[in-house]
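One structure is given below, encoded as structure tokens.
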Amino acid sequence: MKNILLLFALILPATVLRAALITVETHDLAMVFTAEPDQKVIYQYFGAKLDDYSAFSIRRFPHWADTETENVAPELYLAYGGRSYLEPALQVTHSDGILTTQLAYSGAESKKIDANISETIIHLKDKIYPFFVDVVFKSYYKENVISQKVVINHKEAGAVTLGSMYSAYLPLHRNEPYYLTHFHGTWATEMQLTEEKLQPGIKKIESKKGVRTTQADHPSFLLSLGTPAQEDAGEVYAGSLAWSGNFSLSFQIDETGTLHILSGVNPFTSAYPLKSGDRFEMPEMIWTYGNSGKGEISRRFHDWSRNYNLQHGNDLRPILLNSWEGAYFDFNEQVLTDMMDDAADFGIELFVLDDGWFGNRYPRNNDDAGLGDWQVNTKKLPRGIDYLADYAHQKDLKFGIWIEPEMVNPESELARRHPEWIVKSGRREMPTLRHQWLLDLSNPAVQDFVYQIFVDVVNQSKNIDYIKWDANRHVENAGSSYLPADQQSRFWIDYTRGLYNVYERIRAHYPDIMIQLCSSGGGRLDFGALRFHDEFWTSDNTNPSDRVFIQYSTNHFFPAIASAAHVSTSPNHQTGIVSPLKFRFDVAMSGRLGMELQPKHIQGNERDFARQAIENYKKIRPIVQFGDLYRIASPYAEEGWTSLNYVSKDKKEAVLFAYSLKTHARTKYLEVKLKGLDSAKKYKITELNMVKGRSTFNGNGNIYSGQYLMNIGIYLN
Ligand code: DGJ
């Protein structure tokens, strides 16, 4: 028996070594696939980089044999057909009505795009049909991020229909529990972190809202192995789908304990016809993996986002005053210029005129009229936008303005002019949400119209520096008057593609303008939309004791430079909660600081404090916006406090934020061990935003080594 085993071991490598190894690598990561001509490509490995991958040519798990009695080996891209019964990444109805697809390897290529990015394409073809799938990886070497997407084309006799078309499939086989972290919420409580142990069966995280897709669930997740995700230890996989339409993340544990992860466009009522010769490209899934906890994962996403996703990701963001919570719809020129005077006095750098500036026949004096009619309201603003933008520039403030170009109020000239542009389900009633309907961006004429709104608004003054793009409803009763009756299911995908088409045209013509991504707060926060924007409005909820939760979760994927955080009025308009100005500033200063209130209402000591805090922010801004984030204590933990620090890339400077979230006994001190510092460097501590010069820390002004601060830490009262 021994001899036979030995013989087997000697022979096996020789036979399977014919399989080609395909690797996708970054500085620390590798994805490994094996491929043989006309056979399926096997997904072997995604994890830390190894010195030698040749062992992957030997089958790793006994149950991966492709026989009748055993389970099938995980493929690179799992199509419905052959032996697999799992939730498929791809389901196609071929032109002859056949429902199955069996993909086989037909080649691979790899090229360097630049010194940091490489692209690897693995070509697959159906074993019978002229149906082709390219799986495309881009690896970002320094950032340790890999993007993955799929491109389909075919030369069948007639159209095929794509039933499921996920962007990525990842199989993991471990004999330990899988913990899924995902993000859930609603308006004003976006991105609440939830973690659960996955059980056999399928867990799905998805959106069917079409627009405002991230207001409930989010297309980003962390997957920790063995234990719930820790900050600084343990293996964590992370992915975020760059798509602003319906999405689906599927986590299926099969009977072998293998976890099959699918991420991509939600197949829900989205069957997509594809004509012979046409190309269908799926959104990118952004991946990383680390074996030092989720802190490292977040820093990788932040670096990648600043370098490759955000617009102007390496430029400091201005501190702004937004008119919304200070004036709502109730303003005239004087109100706004007074706000600008105050903004300049506070040291603010950008003034943003929010909703309410447009509509004449149907004036936008409330949220029930005017959307769609993008002419300046001459009663409120007789000298137009140009006058206001000039005024801002004279005060050394940049100028920004709000639009919501995808939407229309029934009470508008546009709704009367173009009822056929409104998303509706045949003869069914069109439900309004926030008194508004959605324009059908699957229609190219509507895309042109929305693009032109942007152009016309920007053309109102040469001094417009910033646009806030809002979207305050989602899709209900989906349907398009533009799409043919038998192709209504294209609506969901074509809407999002239409939106991207508009964004692309805007960016081609306006590369410099700053644009904020907003959808009732963080309702459209994904890397697909973010790549056209400079920042996002994190949430309408600016109450600091809620914001620490929202910002803590959001910063798992999205960097502080893009996370707009505003100081607003107390009691807070959304929650009614009273908070000290210091708390409001301290929380907003851990993101992209702004103010959103009537600045006249801040007087006396509070005004001095606000001016000082803004000056302080200017000092710490490069560390917050360009530095590395280290989370120290989670607000979700029971201790009732939360803390984080940012460290500059050269580790010469760091800024620590710590917040108490409940009453702590006077005898208790919060022990804060900083992270990410240089042990050998000396750091002088300066407490900022002190109220009446009172310090909460008895070592203020002292010098400590990085080693001391990270291992012993400091105590806060
Ligand atoms: C929702 C946004 O989140 C707010 O900041 C504000 O712009 C309003 N819309 C305006 O209608």
Side-chain angles (χ1 to χ4, degrees), residues 185-191 209 211-216 244 320-331 335-336 339 350-359 362-374 377 380 399-409 411-412 432-438 453-454 457 466-474 514-526 529-530 533-543 546-547 550-551 554 558 562-569 572-575 588 591-598:
T186 181
W187 176 77
T189 49
E190 293 89 341
M191 291 291 274
K209 292 175 127 188
V211 172
R212 218 159 59 166
T213 45
T214 63
Q215 200 180 66
S244 313
L320 64 79
L321 173 69
N322 178 299
S323 67
W324 181 240
E325 292 197 19
Y328 292 107
F329 297 103
D330 190 13
F331 55 78
V335 168
L336 299 177
M339 281 178 126
L350 161 68
F351 177 76
V352 181
L353 169 56
D354 210 281
D355 198 351
W357 59 266
F358 50 89
Y362 300 96
R364 182 74 171 167
N365 292 329
N366 210 323
D367 60 10
D368 57 7
L371 269 183
D373 302 347
W374 297 97
N377 181 304
K380 285 185 187 174
F399 184 81
I401 190 162
W402 178 96
I403 55 174
E404 194 183 3
E406 295 157 80
M407 307 286 168
V408 59
N409 282 128
E411 288 301 298
S412 68
T432 55
L433 233 175
R434 207 198 187 206
H435 313 289
Q436 65 199 53
W437 290 320
L438 182 67
I453 291 171
F454 191 97
V457 169
Y466 177 105
I467 296 284
K468 173 174 175 178
W469 181 307
D470 204 349
N472 286 300
R473 68 157 296 159
H474 54 263
M514 290 176 278
I515 311 181
Q516 185 186 67
L517 175 63
C518 173
S519 180
S520 314
R524 185 187 262 166
L525 175 53
D526 64 83
L530 198 56
H533 296 79
D534 296 70
E535 60 172 30
F536 55 88
W537 181 221
T538 315
S539 174
D540 276 352
N541 187 346
T542 45
N543 172 45
D546 295 320
R547 261 296 179 123
I550 297 170
Q551 292 177 194
T554 303
F558 302 97
S563 186
H566 295 178
V567 172
S568 65
T569 296
N572 182 273
H573 289 177
Q574 275 77 39
T575 63
R592 193 283 281 135
L593 174 67
M595 288 176 92
E596 187 161 334
L597 40 64
Q598 173 47 269

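The figures here come from the full heavy-atom set of this structure, side chains too, leaving out hydrogens, waters and symmetry mates. The structure presented is a predicted model; accordingly, all values stated were derived computationally and were not measured. Both ligands and their constituent atoms are indexed starting at 1 by order of listing.
By the 4.0 Å N-to-carboxylate-O rule, Glu406 lies close enough to Arg524 to be salt-bridged with it.
Among Leu350, Asp534, Ile401, the single residue meeting the side chain to side chain contact (heavy atoms under 4.5 Å, CB included) criterion with Tyr466 is Leu350. A side chain to side chain contact (heavy atoms under 4.5 Å, CB included) with Ser539 is found for one member of Asp546, Leu525, Ile550 and no other, namely Ile550.
With Trp537 as the aromatic partner, Arg547 meets the cation-pi criteria of under 6.0 angstrom to the ring centre and within 45 degrees of the ring axis.
Between Arg434 and ligand 1, an N or O atom pair is found at a separation short of 3.5 Å. Considering backbone and side-chain N/O of Trp402, one or more are found under 3.5 Å from N/O of ligand 1. The shortest N/O to N/O separation between Trp324 and ligand 1 does not fall below 3.5 Å. Residue Phe329 has no nitrogen or oxygen atom sitting less than 3.5 Å from a nitrogen or oxygen atom of ligand 1, judged on distance alone.
Short contacts between ligand 1 and Trp537, defined as distances under 4.0 Å to a heavy atom of the residue, involve ligand atoms 3 (O), 5 (O).
Contact annotation: His566 has no heavy atom less than 4.0 Å from any atom of ligand 1. Assignment of Glu325 to the shell around ligand 1 is not supported, since no heavy atom sits closer than 4.0 Å.
Neither the backbone nor the side chain of Ser519 comes within 4.0 Å of ligand 1, counting heavy atoms alone. Contacts of Glu404 with ligand 1, taken as heavy-atom pairs under 4.0 Å, are absent altogether. Contact annotation for Asp367 and ligand 1: no heavy atom of the residue comes within less than 4.0 Å of the ligand.
Looking only at heavy atoms of the protein, atom 9 (N) of ligand 1 is closest to Asp470 OD2, 2.7 Å. At the top of the distance list for atom 5 (O) of ligand 1, counting protein heavy atoms only, stands Lys468 NZ, 2.8 Å.
Between the Asn409 side chain and the Ala369 main chain, a donor and an acceptor come within less than 3.5 Å of each other.
With rounding to the nearest 0.5 Å, the separation of CZ in Phe358 from CH2 in Trp374 is 4.0 Å. Note that CG of Asp470 and CG of Leu371 are 9.0 Å apart. Values are rounded to the nearest 0.5 Å.
Among residues two or more places apart in sequence or in another chain, the ring pair (Phe, Tyr, Trp, His ring centres under 6.0 Å) test is passed with Phe329 by Trp324.
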